[in-house]
Amino acid sequence: MQVAGKVVVVTGGANGIGKALCEAFHRAGAAKVVVADLDLANAEAVAASIDGAAFKCDVGREQDIKHLIEEAERRFGPIDLFCSNAGIGGGFDPLSENAGGTSDEPWAKSWAIHVMAHVYAARHLVPKMKARGGGYFLNTISAAGLLSQVGSPAYSTTKHAAVGFAENLAISHRAHGIKVSILCPQGVDTNMLRSIPKGPQSGDGDLSPEQVAQDALKGIEQETFVILPHPQVLDYMRKKTENYDRWIGGMAKIQARMRESYGKA
Ligand SMILES: NC(=O)c1ccc[n+]([C@@H]2O[C@H](COP(=O)([O-])OP(=O)(O)OC[C@H]3O[C@@H](n4cnc5c(N)ncnc54)[C@H](O)[C@@H]3O)[C@@H](O)[C@H]2O)c1
């Protein structure tokens, strides 16, 4: 899909990858970019710089997503591209004392923001897109949704679930002209990454949000399902499926090294 002339919504658009996506879509000639975020001040700043529109929205709440979609369509016309990008780090424990954690709180929050937000966007947009013969969803997930991130069980698990939902969205609605892409980088230099200690997610180098947004734009133009700004991820996926047990062993070695270095710290 070409983004020129299209109405686009980006959640988590106030900062990091979402901000870079908004700017890239604007440069590519989008008719209107809607910047939706909990952080209204930064959403307004991004919107002002790209002649876009800012919305305050908590993506974990169905009512907020429904309102965002209805208001954006009322003001700017049919949404052609909806980017579920908002995400949270949360729950990084390099020592991995217990993968199950100690409470439901980080799990419930990650589930709402990384999974249900994508489900709500589909729930309220798919009927509209079906009626007009198509549309596009770009879901920012993570390489952690394909490969797991050591020390982050809630993040990795909910990102895997997001991959599962995106596959189902693509499979269920290909016949209705609805396209789906998942954006799955490793480390990207944003507030989220800076808020946790450097780890294996930075092993192949941290990319700039602008680079990741360019890759996303290219992926949308080519209508590719999996967009991998770090090309190494494809090789890791192949190695994982080739020999799952060897892969678990390799990841456990990374965990052991991490435990040792953080244990000493
Ligand atoms: N930075 C990385 O290394 C990296 C790597 C892979 C995937 N990702 C994913 O990329 C996406 C964007 O992350 P980022 O790195 O740009 O982080 P970021 O912290 O810079 O930006 C995240 C944005 O999401 C917003 N947000 C958080 N919770 C929200 C909610 N409930 N409702 C609405 N907005 C909310 C925040 O206010 C913020 O503007 C996330 O889904 C993240 O998991 C990041």
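Just follow the structure's listing: the first ligand is 1, and inside any ligand the first atom is 1.
For ligand 1, the atoms closer than 4.0 angstrom to any heavy atom of Gly16 are 16 (O), 20 (O). Proximity to Ile141 (heavy-atom distance under 4.0 Å) selects the following atoms of ligand 1: 7 (C), 8 (N), 9 (C). Atoms of ligand 1 found under 4.0 Å from any heavy atom of Thr140, numbered from 1 in the order shown, are 9 (C), 10 (O), 11 (C), 41 (O). Close contacts between ligand 1 and Asp58 involve ligand atoms 30 (C), 31 (N), 32 (N) [criterion: under 4.0 Å to a heavy atom]. Contact atoms of ligand 1 toward Ala86: 24 (O), 26 (N), 34 (N), 35 (C), 41 (O) (distance under 4.0 Å to a heavy atom of the residue). Of all atoms in ligand 1, listed by their number and element, those nearer than 4.0 Å to a heavy atom of Met192 are 13 (O), 15 (O), 17 (O), 19 (O), 40 (C), 42 (C), 43 (O). Proximity to Asn85 (heavy-atom distance under 4.0 Å) selects the following atoms of ligand 1: 11 (C), 12 (C), 40 (C), 41 (O). Using a 4.0 Å cut-off to heavy atoms of Cys57, the atoms of ligand 1 that qualify are 32 (N), 33 (C).
Taking 4.0 Å as the cut-off between side-chain N and carboxylate O, Arg74 and Glu71 count as a salt-bridged pair. With respect to the salt-bridge test (charged N to carboxylate O, under 4.0 angstrom), the residues Glu73 and Lys32 do not qualify. We find that Lys56 and Asp37 are not joined by a salt bridge, their nearest charged nitrogen and carboxylate oxygen being 4.0 Å or further apart. Under 4.0 Å is where a charged nitrogen must lie from a carboxylate oxygen, and between Glu70 and Lys66 at least one such pair does.
No side-chain donor-acceptor contact under 3.5 Å links Tyr120 and Ser84. Judged by distance alone, the side chains of Ser202 and Gln186 never bring a donor and an acceptor atom under 3.5 Å apart.
For atom 15 (O) of ligand 1, the closest non-hydrogen atom of the protein is Thr190 OG1, 2.6 Å. Ranking protein heavy atoms by distance to atom 25 (C) of ligand 1, first place goes to Asp37 OD1, 3.3 Å.
Under a 4.0 angstrom heavy-atom cut-off, Gln186 registers as being in contact with ligand 1.
Looking at Ile17 against ligand 1, both its backbone and its side chain come within 4.0 Å, counting heavy atoms. Contacts between Leu38 and ligand 1, counted as non-hydrogen atom pairs separated by less than 4.0 Å, involve both the backbone and the side chain.
Close N/O approach between Lys159 and ligand 1 is found [any backbone or side-chain N/O within under 3.5 Å]. Considering backbone and side-chain N/O atoms, Asn15 comes within less than 3.5 Å of an N/O atom of ligand 1.
Between His114 and Tyr155, the ring center distance clears the sub-6.0 Å criterion.
Between Ala86 and Val59 the shortest heavy-atom distance is CB-CG2, 3.9 Å.
Residue Tyr136 is tested with Leu81, Ile79, Asp80 for a side-chain contact (heavy atoms from CB on, under 4.5 Å); the sole match is Leu81.
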